[in-house]
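Report on the following structure.
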Amino acid sequence: MVISVAGGVRPGKIIEIEHRLYQQLIVGKQKSNSMFDEFDVELESDANKLAIEREAVLERLAKQIQARQVFEEVSEQLINTVNNAVDHRLSSPEQVLKHSGINQHQLLMLELLQDENVDLTRLKSLIEEQAWLVRDLTNMVNSASFRHRRPQSSDVKVTDIKLVLNFIGIENIKLLIPYFCIRNWLPTGHANLLWTTRKLWRYSVVSAIAAQALAKLHEKDASFVYTCTLLSQLGPSVVLKNSAKLFEQIWGTWLREASASRDKEVYDAVVATEFPAEKVYHLVLEHGNKLNWQLLHHLDFKGSAMTEVLAELDNNLSYKELSEDAAMVARANCYAKVVLLEELRQIDPQEKRMMFDYYELSEQEVIRLKGQNYKKLTII
């Protein structure tokens, strides 16, 4: 006899499956080669070299009992120092925010894009304040794949942001600005987190594409649900970013000090010490959903509809208690988790049915979601 778990208080098995996905994203050793955007490509070489160097050091240490003892002592001290610094940082949302790269004007852009009649003049001035966003939008308009959408007389490189926005169009802007924002908030530039960042980015975009498809199916505001779904990965991204920054800062200091003291054993021990992924995975589970809405509160977006959806997703104990928009975000995230876990062969058919049952994904919704292209955003 099969007992339905549909919609009630989240069963332990559902929680375990969802945690399994984050465990694979953060702790799993799989490398992600397929990306929507190959950012941090130049870091691949650094990340691979670092992994090879660590393996070589660990292999040497395995043959030297005394050196192995030094490694264990130094590595434990280093990791404890990092963990204490991360715990201290995450205890203060203000400190987290300070080192996250998120500001009020970025969220204001996302808010403006939800208006029926978007104030393009105001939006343009906010975009111009974000150099990375101007760069990303300009690069996209000047890319070979986008140029065929422009008039034939416009083969010249476009640099004026007003022209860039005109070429893209408001419907596409509603997709692209949230997309580029969450990508900018990811922990990019960290060799220790390259593969984790790519996997988290892929999960974020698969969820967002699923949310967009669900909203269109039910004739709801696709832009709003899509944006909230991307924002539902804001907290995990920020926990990872702060952890990576603190690890590399402390690790780098210890490495320089060991080099200056010419102590080869201590130097090797520091080199071989890996980013504390298991600890950070648990911190993501502890703080991620909470930070999604707390950070928006600290940036004076307490009354925002986006904040309300994110707070619902964190505070409600059961799926049935969610509003229509929050429920759609939850269903999109559920589908993305199943897709990624299936790719990793980390979920069985019964668990998949249980996930779809709990989040009440209908047969029609599953058919629509299966038909989406999760390799890229559909630009009109």
Side-chain angles (χ1 to χ4, degrees), residues 22 25-26 78-114 125-133 177-178 180-190 192-193 196-197 200-201 204 227-253 275-316 326 329:
Y22 277 106
L25 296 183
I26 298 167
L78 173 53
I79 291 302
N80 285 340
T81 304
V82 171
N83 288 344
N84 289 337
V86 173
D87 284 336
H88 179 70
R89 173 76 57 83
L90 293 178
S91 68
S92 163
E94 292 91 346
Q95 280 298 308
V96 171
L97 198 53
K98 184 179 174 183
H99 299 275
S100 66
I102 302 165
N103 63 47
Q104 202 172 41
H105 286 179
Q106 293 163 0
L107 292 173
L108 185 53
M109 285 190 299
L110 302 186
E111 189 93 319
L112 284 176
L113 288 169
Q114 306 313 319
S125 69
L126 290 169
I127 291 170
E128 286 173 330
E129 292 177 18
Q130 316 297 327
W132 55 269
L133 183 55
I177 288 182
F180 286 137
C181 276
I182 195 70
R183 191 177 73 170
N184 184 62
W185 297 332
L186 283 165
T188 54
H190 302 284
N192 288 288
L193 272 184
T196 294
T197 298
L200 182 61
W201 175 231
S204 300
T227 299
C228 288
T229 305
L230 282 173
L231 284 173
S232 71
Q233 296 312 312
L234 174 62
S237 296
V238 164
V239 171
L240 283 163
K241 187 177 224 174
N242 276 267
S243 302
K245 281 185 173 181
L246 286 167
F247 173 78
E248 291 188 1
Q249 178 188 324
I250 295 166
W251 184 79
T253 300
F275 178 77
E278 186 71 37
K279 162 75 174 178
V280 173
Y281 154 66
H282 288 290
L283 290 173
V284 165
L285 298 184
E286 183 183 349
H287 297 281
N289 287 340
K290 205 182 302 176
L291 285 170
N292 283 337
W293 57 271
Q294 282 185 345
L295 294 178
L296 271 64
H297 273 213
H298 281 279
L299 288 168
D300 297 327
F301 283 84
K302 191 172 183 178
S304 166
M306 298 185 299
T307 309
E308 288 171 7
V309 165
L310 296 170
E312 272 190 76
L313 291 166
D314 178 40
N315 295 322
N316 287 345
V329 173

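As a basis for the values below, the full set of heavy atoms in this structure was taken, side chains included, without hydrogen atoms, waters or symmetry mates. Starting from 1, each residue takes its place in the sequence as its number.
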Query - Inter-residue atom distance Asn289.CG - Gln233.CD, 0.5 Å rounding - result: 8.0 Å

Query raised in the report: Does His99 NE2 have over 12 foreign heavy atoms under 6.0 Å away?
Result: yes

Report summary line: Rounded to the nearest 0.5 Å, the CE atom of Met109 sits from the OG atom of Ser125 at a distance of 10.0 Å

**Report entry** Between NE2 on residue His298 and CG on residue Leu291, distance to nearest 0.5 Å
**Finding:** 9.0 Å

Requested in this report: Decide yes or no on side-chain contact (heavy atoms from CB on, under 4.5 Å) for Gln104 and Asp300, but give the supporting numbers first.
Outcome: CA-CA 8 Å; Gln104 202 172 41; Asp300 297 327; 3.2 Å; yes

Requested in this report: Find the distance between CG (Leu246) and CD1 (Ile250) and round it off to the nearest 0.5 Å.
Outcome: 5.5 Å

Query - NZ on Lys290 to CG on Asn315, rounded to 0.5 Å - result: 9.5 Å

Query raised in the report: Between Gln106 and Asn103, is there a donor-acceptor pair closer than 3.5 Å when you use the side chain of the first and the backbone of the second?
Result: yes

Report summary line: Residues Asn292 and Gly235: closest non-hydrogen pair is OD1-N, 2.5 Å

**Report entry** Over all atoms of both residues, closest heavy-atom pair of Ser100 and Lys241
**Finding:** O-NZ, 3.2 Å

Query - Shortest non-hydrogen separation from Glu248 to Gly189 and the atoms involved - result: OE1-O, 4.4 Å

Query raised in the report: How far apart are the C-alpha atoms of Leu193 and Leu240, what are their side-chain angles, what is the distance that settles it, and do they pass the side-chain contact (heavy atoms from CB on, under 4.5 Å) test?
Result: CA-CA 8 Å; Leu193 272 184; Leu240 283 163; 4.2 Å; yes

Query raised in the report: Residues two or more places apart in sequence or in another chain: which of them pass ring pair (Phe, Tyr, Trp, His ring centres under 6.0 Å) with Phe275?
Result: Phe247

Report task. Tell me, with the steps shown, if Lys279 and Asp87 meet side-chain contact (heavy atoms from CB on, under 4.5 Å). Result -> CA-CA 10 Å; Lys279 162 75 174 178; Asp87 284 336; 3.3 Å; yes

Which atom pairs, donor and acceptor, lie under 3.5 Å between side-chain atoms of residues 280-288 and protein residues at least two apart or in another chain?
{"unit_1": "Tyr281", "atom_1": "OH", "unit_2": "His19", "atom_2": "O", "d": "3.4"}
{"unit_1": "His282", "atom_1": "NE2", "unit_2": "Glu278", "atom_2": "OE2", "d": "3.3"}

Requested in this report: Say whether, by atom type as modelled, one donor and one acceptor occur between the side chain of Asn184 and the main chain of Phe180 under 3.5 angstrom.
Outcome: no

Query raised in the report: Is the backbone N or O of Phe301 less than 3.5 Å from a side-chain atom of Thr307, with the two atoms forming a donor-acceptor pair by type?
Result: yes

Query raised in the report: Under the side-chain contact (heavy atoms from CB on, under 4.5 Å) criterion, do Ile177 and Leu110 qualify, and how do the steps go?
Result: CA-CA 7 Å; Ile177 288 182; Leu110 302 186; 4.0 Å; yes

Query - Rounded distance (nearest 0.5 Å) linking atom CH2 of Trp185 with atom CG of Leu231 - result: 5.5 Å

Requested in this report: Mind checking side chain to side chain donor-acceptor pair (under 3.5 Å) for Glu128 and listing every partner two or more places apart, or none if nothing turns up?
Outcome: Lys124

Query raised in the report: Which heavy atom of Pro187 sits nearest a heavy atom of Ser237, and at what distance?
Result: CD-O, 4.0 Å

Query raised in the report: Does Val309 reach the side chain of Trp293, with side-chain heavy atoms less than 4.5 Å apart?
Result: no

Query raised in the report: Can you check whether Leu126 reaches Leu108 side chain to side chain, under 4.5 Å on heavy atoms?
Result: yes

Query raised in the report: With a 4.5 Å limit on heavy-atom distance, are the side chains of Val238 and Asn242 in contact?
Result: yes

Report task. Could you tell me whether the side chain of Gln95 and the main chain of Arg89 form a donor-acceptor pair under 3.5 Å? Result -> no

**Report entry** Closest heavy-atom pair and its distance - Pro276, Val82
**Finding:** CG-CG1, 4.2 Å

Report summary line: Leu230 and Ser204 have their tightest heavy-atom pair at CD2-O, 3.8 Å

